[in-house]
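We use all heavy atoms of the structure for the numbers below, so side chains are in, but hydrogens, waters and symmetry mates are not.
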Amino acid sequence: MPIPLLAQGFQEGFASIPYFYTVLKVVPWVLLVSALKYYFGGARNGSERLMHSKVVMVTGGTSGIGASVVRELATRGAQVILLTQQAPSDIFLVDYIEDLRRTTKNHLIYAEQVDLSSLYSIRTFATKWIDNVPPRRLDMVILCGNTAVPSSQRRTTVDGLDEEWQVNYLSNFHLLSILSPALRVQPAHRDVRVIFTTCSSYIGAKIDLKQVEAACAPGAFESSKAVKKPKTPTSLFGASKLALMIFANSFQKHLNSVERADKMPPCTRVITVDPGYTRTPGTRRWLTGGSLWGLLLYLITWPLWWLILKSPEQGAQSILYAAMEARYGRGTGGWMVKECQEVDLARREIKDEEIGKKLWQFSEKQIELREKEGAVRRALEKQEQESKKNGSSTSGAKEPTPGSRRSRKTK
Ligand SMILES: NC(=O)c1ccc[n+]([C@@H]2O[C@H](COP(=O)([O-])OP(=O)(O)OC[C@H]3O[C@@H](n4cnc5c(N)ncnc54)[C@H](OP(=O)(O)O)[C@@H]3O)[C@@H](O)[C@H]2O)c1
């Protein structure tokens with residue numbers, strides 16, 4: 001077809017070909033957009049590892065990058081345990097898992113309720129996991145759970161901590177501290193990996209434990225809900241990511257330093273992954289600032305975001321690479337992966353043992369204090385509920401149902 005057209009062009013002139021000059025003008029733009037889209041799409045995971053029989057625990061696996069990771073691992077046969085904020089009986093979650101099972105032809109996908117913004121919820125799940133006898137198989141933990149609160153708002157969790165600090169960092173510290181024996185008890189021949197996800201915001205972040213303390217102190221915000229004009233305006237997002245990476249390094253050292261009962265070398269390796277900028281619900285929430293005007297602006301500028309941000313499938317590639325690449329199943333761990341290749345850390349503090357130790361102690365203290373407060377709060381709530389129940393049962397007087405014969409009589 002193009003050959004007769006070209007022949008016509010040479011014989012009769014290119015102007016004789018319908019739309020020739022229009023096509024000539026459009027083609028370079030199409031090529032440019034395709035080249036940019038390919039460039040911003042990032043590297044692709046080339047590792048081919050079958051995941052049959054592997055047990056993978058994932059936080060943040062119901063949306064964004066985590067959901068794409070889960071879909072790919074499930075397609076490759078892994079048994080997936082999703083740690084979700086909703087209870088497994090939640091109808092949307094039931095639907096989501098049913099759909100995932102059907103489309104991946106993998107029935108080994110389950111959900112466990114773990115609210116990362118509640119220390120109690122994490123402890124309840126993790127202690128149940130490690131209490132299992134014999135110890136359960138666990139090949140991989142992928143930590144994609146994340147929150148990015150728009151900069152005009154700050155939020156506190158049920159434990160009274162800054163939400164970004166707790167969900168992005170402290171929850172991972174708490175979960176892995178409790179699960180650590182379950183990871184160390186895996187047979188020495190097993191290739192166990194813990195994958196942390198981070199973001200390039202760690203590069204410019206400052207970690208000041210006093211500032212974190214202030215942001216997490218009672219009354220740091222005007223109410224427990226999202227509020228504008230906070231007393232502590234600084235976002236802890238970058239700090240939470242830097243803290244997570246410092247912890248990842250300390251956690252690897254901790255795993256390597258504990259002697260196994262069988263005297264074999266440790267088999268758990270920690271890998272930190274930066275997936276790159278991706279179009280996910282979290283990114284959208286952050287870009288729109290959580291407002292309707294922001295959403296409108298986002299929709300108008302959507303072609304730009306489509307071009308320069310990765311799709312969730314593209315964002316998942318580096319995590320899948322860290323989960324599948326054979327060389328991460330050997331060695332002492334503690335790698336950083338970006339664009340499907342190992343990269344150097346941009347901050348020296350991450351490898352600093354003294355900073356790691358200080359942060360570990362700070363986190364342990366923060367958790368201990370908040371868990372104690374939480375236990376007292378729950379006990380008081382329970383007491384209050386019981387006294388209400390007892391009060392209503394001793395009075396014996398049942399509230400009349402509105403519209404009933406008894407309620408009309410009492411008028
Ligand atoms: N997106 C990017 O541009 C980008 C760039 C660099 C690094 N990263 C990193 O990649 C990871 C994933 O990012 P993403 O953009 O996919 O995140 P996202 O879209 O914000 O999704 C976060 C996930 O965490 C879950 N989650 C939030 N709060 C939770 C809680 N309290 N308890 C349990 N689960 C909770 C969410 O559950 P629901 O589904 O129930 O909401 C969701 O599945 C993060 O570590 C992020 O820092 C992302």
Side-chain angles (χ1 to χ4, degrees), residues 37-38 40-116 125 129 136-147 191-197 271 273 275-285 299 302 305-307 309-326 328 337 339-340:
K37 185 85 191 115
Y38 181 79
F40 287 117
R44 290 204 78 81
N45 164 43
S47 299
E48 290 287 335
R49 184 188 184 199
L50 279 182
M51 299 299 288
H52 291 289
S53 81
K54 305 267 181 278
V55 178
V56 184
M57 193 184 273
V58 188
T59 68
T62 45
S63 66
I65 298 170
S68 293
V69 170
V70 165
R71 188 169 288 278
E72 184 61 30
L73 294 180
T75 308
R76 287 172 182 266
Q79 178 180 330
V80 182
I81 300 153
L82 297 164
L83 307 191
T84 59
Q85 11 186 356
Q86 303 82 8
S89 57
D90 179 276
I91 50 165
F92 294 108
L93 187 58
V94 170
D95 252 15
Y96 177 74
I97 292 178
E98 276 307 312
D99 181 60
L100 204 54
R101 285 180 178 167
R102 195 169 33 78
T103 50
T104 60
K105 299 187 179 62
N106 181 346
H107 284 261
L108 302 173
I109 304 167
Y110 310 96
E112 291 273 358
Q113 187 172 21
V114 180
D115 182 356
L116 297 176
F125 162 76
W129 183 276
R136 288 199 205 179
R137 179 173 181 158
L138 185 57
D139 295 85
M140 206 172 289
V141 182
I142 303 181
L143 304 160
C144 287
N146 182 66
T147 188
D191 166 7
V192 184
R193 304 184 190 189
V194 180
I195 300 177
F196 289 83
T197 55
I271 310 157
V273 180
Y277 293 108
T278 309
R279 280 188 325 273
T280 62
T283 312
R284 195 175 52 235
R285 252 193 319 275
L299 291 174
W302 193 82
W305 307 121
W306 171 84
L307 184 67
L309 298 180
K310 294 177 178 181
S311 67
E313 291 74 29
Q314 289 168 332
Q317 296 304 307
S318 292
I319 300 176
L320 292 169
Y321 175 78
M324 293 180 197
E325 181 61 27
Y328 297 129
V337 168
E339 297 303 340
C340 299

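In this structure, Glu339 and Ser318 approach most closely via the heavy-atom pair N-OG, 3.1 Å. Thr104 and Arg71 make their closest contact through CG2-O, 3.8 Å (heavy atoms, listed as atom of the first residue, atom of the second, distance). The two atoms that bring Leu93 and Ala111 nearest to each other are CD2-CB, 3.8 Å, heavy atoms only. Nearest heavy atoms, Trp129 versus Arg137: CZ2-O, 3.9 Å. Closest heavy-atom contact between Tyr110 and Ile97: C-CD1, 4.2 Å. Contact detail for Ala316 and Val69: the closest heavy-atom pair is CB-CG2, 3.6 Å.
A cation-pi arrangement is absent between Arg49 and Tyr321, since the terminal nitrogen or guanidinium carbon is not both under 6.0 Å from the aromatic centre and inside a 45° cone about the axis.
Once rounded to the nearest 0.5 Å, the distance linking CD of Gln85 with CD of Gln113 reads 9.0 Å. Expressed to the nearest 0.5 Å, how far OG of Ser68 lies from CG of Leu320 amounts to 8.5 Å. Residue Leu116 holds its CG atom at 10.0 Å from CG of Asn146, rounded to the nearest 0.5 Å. Separating the CD atom in Gln86 from the CD1 atom in Ile91 is a distance of 11.5 Å, to the nearest 0.5 Å. The structure places CD1 of Ile65 at 11.0 Å from CD of Gln317, a figure rounded to the nearest 0.5 Å. Note that CZ of Arg279 and CG of Leu307 are 9.5 Å apart. Values are rounded to the nearest 0.5 Å.
A 4.5 Å side-chain heavy-atom check between Thr283 and Trp305 finds every atom pair outside the cut-off.
Not one N or O on the side chain of Asn106 forms a donor-acceptor pair closer than 3.5 Å with the backbone of Thr75. A donor-acceptor contact shorter than 3.5 Å is absent between the side chain of Gln79 and the backbone of Lys54. Of the possible polar contacts, none joining the Thr278 side chain to the Thr280 backbone as a donor-acceptor pair under 3.5 Å is found. Between the side chain of Glu112 and the main chain of Leu83, no donor-acceptor pair closer than 3.5 Å is present. In this structure, the side chain of Gln314 engages the main chain of Ser311 through a donor-acceptor pair within 3.5 Å. Judged purely by atom type and a 3.5 angstrom limit, Thr197 uses its side chain to pair as donor or acceptor with the backbone of Leu143. Of the possible donor and acceptor atoms, one in the side chain of Lys310 sits under 3.5 Å from a partner among the backbone N and O of Pro275.
A salt bridge links Arg76 with Glu72: the distance from a Lys NZ or Arg NE/NH1/NH2 to an Asp or Glu carboxylate oxygen falls below 4.0 Å. Taking 4.0 Å as the cut-off between side-chain N and carboxylate O, Arg193 and Glu325 do not count as a salt-bridged pair.
Side-chain atoms of Thr147 and Arg285 include no donor-acceptor pair closer than 3.5 Å.
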I'd like to know whether Val55 forms a side chain to side chain contact (heavy atoms under 4.5 Å, CB included) with Arg136, so could you lay out the CA-CA distance, the side-chain angles of the two residues, the decisive distance to 0.1 Å, and finally the verdict. CA-CA 9 Å; Val55 178; Arg136 288 199 205 179; over 6 Å; no
Chi angles and distances behind the side chain to side chain contact (heavy atoms under 4.5 Å, CB included) call for Val192, Leu138: CA-CA 7 Å; Val192 184; Leu138 185 57; 5.7 Å; no
